[in-house]
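Start at 1 and go down the list; that is how both ligands and their atoms are numbered.
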Amino acid sequence: MNAPPKTFHVKSFGCQMNVYDGDRMAELMAADGLAPADADVADLVILNTCHIRERATEKVYSDIGRIRKVAGKQGRVPMIAVAGCVAQAEGQEIVARARVDVVVGPQAYHNLPELVAKAAGGTAALDTDMPALSKFARLPARRRVPPSAFLTVQEGCDKFCTYCVVPYTRGSEISRPFAAIVDEARALVDAGAREITLLGQNVNAWAQGDLGLHDLIRALDRVPGLARIRYTTSHPNDMTQGLIDAHGDVASLMPFLHLPIQSGSDRILKAMNRSHGRDSYLRVLDRVRAVRPDIALSGDFIVGFPGETEADFADTLSLVDAIGYAQAFSFKYSQRPGTPAATMTDQLPAHVMDERLQRLQAALNRDQQAFNRATLGRTCTILVERRGKLPGQMLGKSPWLQSVHVIGDHAIGDLIAVDLIRADPNSMAGSVPIPVAACAPPGPLDVAGHSNEARASIGPFAD
Ligand code: 5AD
Ligand code: SF4
């Protein structure tokens, strides 16, 4: 028998879906009467884990050890729950190896309060069932969310890329119902959201009958108070013409597309079972750019997939050169237990992967800086999300998902027009144009129509 926990802490690793799930777990525990606390003092620590790369499992075990050590020094024994994809993949093994109190998979965390109660009764509680979507109906309403909020609309994946654990840990593709999503979007706006990012492992595979993601986006575009819509992550084969068209004419849909390809080599794409080629990917991007020329493109890359030759890798570099991504993520291939690629014979040595990753990241950084420079001088709207480190400095996101610093009296959640005046390696500096009517006495204006005073108010930017 343990005392029922009075305080909790959720620590999330990995993707934005996990951030969303972690927030919802926190809301669930708060609704159950527990108070949030720091990890080092909480009675219950929920580790919301990621299994996609590296030795994520080992990270969980070392975290558990660290939490117990800190608590031990204080004479406490916290309850530990392992949630997320490692919980789904390892299940009973975690209970056996680390004697944790609760193991709960990504489709079952709505049962956390009962599992915690069972564990408080002295029995380790495990739930890795994958019931179709029942969890969303059981989660409490959201009361307070940041201006930029996540909304999971789709889960799971049926694509079975040969390197990836997601189809095993998150299950097959499931779309949440249209009406439930629109209701949740309205509730998020009431709770403070001005921007919503629709989430799914294959978000553009969202479907309900004849409806596709673009229909959902068009419905959300009509939700009063919702200024911006984004979605991630997409698969090239699910980029329908309807979705591409939405980029052309839905004003609240931001000009940003995260569309992973993983490799520029057709041979490797085939071995990865990506079910699309290099050219078909490039053609999709051409079609998106045709309707939205300023779209910022993003992607994911894996270097060092089994059998990747220098020529294959050169194809990846030439694809990157041809596209000019605004930003992109790149990873060393990681052998995941249970995936087909893990047993392929021609695994590459670590030093080859390291060296290729460096070259790829140099190219991606170059392109990110070129993209940022290309937006210099543009006026755009930013959504203010938080304070910066300097006095009076605020940080927001441009439509192209750049971080933008401004100095000024702005509130979190404000949408403000800024001129992009400086491109730093990972962010932009913006200045707020002073409306002509607000300048008294009327002074000389520069060619762009903005007073020099406004520009002089820009401080040093650092965050
Ligand atoms: N090794 C390296 N990267 C991987 N990803 C998925 N599985 C692996 C793996 N086994 C990357 C892909 C995917 C992103 C979410 O993680 O690039 O798009
Ligand atoms: Fe993994 Fe491929 Fe599915 Fe993406 S599309 S989640 S990489 S299996």
Legend entry - N, O or S atoms of the protein lying under 2.8 Å from atom 2 (Fe) of ligand 2: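 The answer is C161 SG.
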Side chains of [X] and [Y]: do they bring a donor and an acceptor to under 3.5 Å?
X    : Y    : value
N237 : S275 : yes
S175 : Q208 : no
Q402 : T375 : yes

Legend entry - Point-to-point distance, once rounded to the nearest 0.5 Å, from OG1 of T381 to NZ of K397: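 Separation between the atoms: 15.5 Å.
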Inset, instruction - Give a yes/no verdict on a cation-pi contact between R359 and F313, requiring under 6.0 Å between NZ or CZ and the six-membered ring centre and an angle within 45° of the axis. - result: no
Inset, instruction - Give the C-alpha distance, both sets of side-chain angles, the deciding distance and a yes or no for side chain to side chain donor-acceptor pair (under 3.5 Å) between E195 and S148. - result: CA-CA 5 Å; E195 170 178 285; S148 178; 2.7 Å; yes
Legend entry - Presence of salt bridge, E308 and R356, under 4.0 angstrom: yes
Legend entry - Ion pair R194/D414, N-O distance below 4.0 Å: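 Looking at D414 together with R194, the answer is no, because their closest N to O distance does not fall below 4.0 Å.
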Inset, instruction - List the steps and the verdict of side-chain contact (heavy atoms from CB on, under 4.5 Å) for E173 and K159. - result: CA-CA 9 Å; E173 288 176 7; K159 307 283 193 287; 2.9 Å; yes
Inset, instruction - Non-hydrogen atoms closer than 4.0 Å to ligand 1: which protein residues do they belong to? List them by chain and number, please. - result: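 Residue list for ligand 1: I52, R53, Y163, Q262, D300, I302, F331, K332, Y333, S334, R336.
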